[in-house]
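The structure under discussion appears below in the form of structure tokens.
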There are 2 protein chains.
Amino acid sequence: MAGDPMRRPGAGQTRRRGAALEEAILRAAADELTESGYGGMTIDKVAARAGTNKNAIYRRWPNRLALGIAAYRQLSTTVPIPDTGELRGDVLELLRGANRHWSSPLGAILRDLVAAAGGASELLAQLPEQSGDAAAAPWLTVLGRAVARGEASPEALHPRVATVAVVLLRNEFVMRGAPTAPDDVLVEIADEVYLPLVRKRATTPG
Amino acid sequence: MAGDPMRRPGAGQTRRRGAALEEAILRAAADELTESGYGGMTIDKVAARAGTNKNAIYRRWPNRLALGIAAYRQLSTTVPIPDTGELRGDVLELLRGANRHWSSPLGAILRDLVAAAGGASELLAQLPEQSGDAAAAPWLTVLGRAVARGEASPEALHPRVATVAVVLLRNEFVMRGAPTAPDDVLVEIADEVYLPLVRKRATTPG
DNA sequence: TCATTTACGGTACGGACCGTACCCTAAGTG
DNA sequence: CACTTAGGGTACGGTCCGTACCGTAAATGA
């Protein structure tokens with residue numbers, strides 16, 4: 001399973017081209033990413049695993065980072081939106097999902113990619129979870145239901161407000177290098193920050 | 001100013017040792033950091049600029065990252081704590097300071113270092129602004145005064161709550177690769193999230 | 001004062017990768 | 001069945017890390 005080129009060694013060596021080859025490269029790159037992380041994803045190794053060579057890769061992607069981002073996109077999955085019936089439960093569920101994601105190997109890869117992009121927004125934009133509104137969508141959905149139930153204020157239906165909780169959690173990973181945030185932290189973020197923020201609040205003075 | 005070894009070329013070449021040499025190396029590394037960023041801070045270049053060689057460096061730091069962190073500490077300065085007389089003014093002032101910091105070359109260096117540490121908490125802890133409570137201190141001070149004035153709720157005097165604003169701003173830098181966050185964003189963070197959060201709030205149901 | 005130990009400086013090297021170049025050949029194309 | 005396009009094999013230059021070795025200046029102490 002590791003290191004086996006996709007080409008059958010002895011069989012009729014039909015030489016892949018175009019899309020077929022591209023998919024093989026992406027699969028190989030994704031495998032390398034999950035096995036060794038972005039730092040360990042070497043162009044030579046990807047080429048070897050895909051049963052091709054560096055030419056075919058550099059003909060398609062300008063550099064290692066671009067390949068890494070493309071490969072990561074194959075690995076990222078969409079988040080299921082919880083519906084526990086009350087806001088707090090949904091919030092904790094979303095936070096736990098994010099916690100699992102960021103503490104998984106996938107999370108480490110994503111952090112490395114973001115770091116390697118070094119603020120190049122045209123590259124960052126290619127990462128699914130950076131697409132801003134894409135990341136905000138589940139939160140807005142959950143909040144929308146809470147607003148309908150009267151649990152949350154309509155003013156909270158604002159991307160920056162809605163995503164506060166997950167941004168705080170992400171900060172835990174970036175600053176502390178924590179492997180996994182303990183559940184206390186999630187509860188604290190929810191109870192001390194997020195829920196007070198989005199619940200119906202009195203109009204504030206001056 | 002660039003590339004000049006600290007040793008006078010022709011003069012009596014008194015060979016530096018111990019602390020004197022260590023300081024010279026750190027100065028050279030800090031200069032390289034500001035000139036070329038962390039990615040451009042090469043061990044060879046640091047050694048050349050310090051007028052020494054790689055041995056002297058590797059005898060003191062185990063690798064490039066450790067040297068980078070040590071050098072960065074020399075560059076980081078402490079934040080002045082604003083006192084405008086009202087919470088909103090202080091918050092915006094602190095946010096603007098953070099904005100300047102993160103968008104400066106120093107901010108890029110810090111991001112690269114955090115990224116290179118890749119979650120190694122023993123390294124991250126060496127960075128001044130990661131020391132958690134150190135970063136929270138100005139916010140707690142400003143909030144403390146606001147609480148005394150009756151502008152903020154005492155419950156806000158909690159590191160995780162107090163630092164929410166700057167965490168959100170930092171997120172702007174990490175996710176978007178924005179050079180500088182426009183002032184609108186700071187105002188939005190303050191008015192939409194932070195101030196509603198820390199102002200006196202009614203005890204929440206359930 | 002002089003032998004001994006310690007720490008620097010010079011230099012070379014192995015090793016890992018990146019990204020590029022060349023050349024041959026299989027796969028598509030008309 | 002030419003002809004063009006895209007893969008595959010391979011080699012190479014270049015950069016940088018981290019280590020090793022060896023001669024020598026600086027500290028140490030008898």
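Proteins get letters first, then strands, A, B, ... in listed order; numbering begins at 1 in each. None of these values were measured; they are calculated from a predicted model.
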Given atom [atom1] of [X] and atom [atom2] of [N], what is their separation to the nearest angstrom?
X: B:Lys54; N: D:dC21; atom1: NZ; atom2: P; answer: 16 Å
X: A:Lys45; N: C:dC18; atom1: NZ; atom2: C1'; answer: 14 Å
X: A:Glu32; N: C:dC18; atom1: CD; atom2: P; answer: 11 Å
X: B:Asn55; N: D:dC21; atom1: CG; atom2: C1'; answer: 9 Å
X: B:Asp44; N: D:dT19; atom1: CG; atom2: P; answer: 13 Å
X: A:Ile57; N: D:dG7; atom1: CD1; atom2: P; answer: 12 Å
X: A:Tyr58; N: C:dG19; atom1: OH; atom2: P; answer: 4 Å

Nearest 0.5 angstrom please: [X] [atom1] to [Y] [atom2], how far?
X: A:Leu26; Y: A:Gln74; atom1: CG; atom2: CD; value: 4.5 Å
X: B:Met41; Y: B:Thr34; atom1: CE; atom2: OG1; value: 11.5 Å
X: A:Arg149; Y: A:Leu87; atom1: CZ; atom2: CG; value: 7.0 Å

A:Arg73 atom CZ: more than 12 heavy-atom contacts under 6.0 Å: no
Determine whether [X] and [Y] make a side-chain contact, defined as any pair of heavy atoms from C-beta on separated by less than 4.5 Å.
X: A:His101; Y: A:Thr77; answer: no
X: A:Val164; Y: A:Trp139; answer: no
X: A:Thr141; Y: A:Arg145; answer: yes

N-O pairing of [X] and [Y] below 4.0 Å:
X: A:Glu151; Y: A:Arg199; value: no
X: A:Arg160; Y: B:Glu188; value: yes
X: A:Arg49; Y: A:Glu35; value: yes

Lys NZ or Arg CZ of A:Arg64 over A:Tyr38 ring: under 6.0 Å, within 45°: yes
Within residues 62-72 of chain A: residues closer than 4.0 Å to DNA chain C (heavy atoms): A:Asn63, A:Arg64
With the criterion being N/O to N/O and under 3.5 Å, what pairs connect the protein with nucleotides 3-7 of chain C, and how long is each?
| from | atom 1 | to | atom 2 | distance (Å) |
| --- | --- | --- | --- | --- |
| C:dT6 | O2 | B:Arg17 | NH2 | 3.2 |
| C:dA7 | O4' | B:Arg17 | NH2 | 2.4 |

Close N or O pairs between protein and nucleotides 14-16 of chain C (under 3.5 Å):
none

Donor-acceptor pair under 3.5 Å, B:Asn53 side chain vs C:dG10 base: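 Such a pair is found, so the answer is yes.
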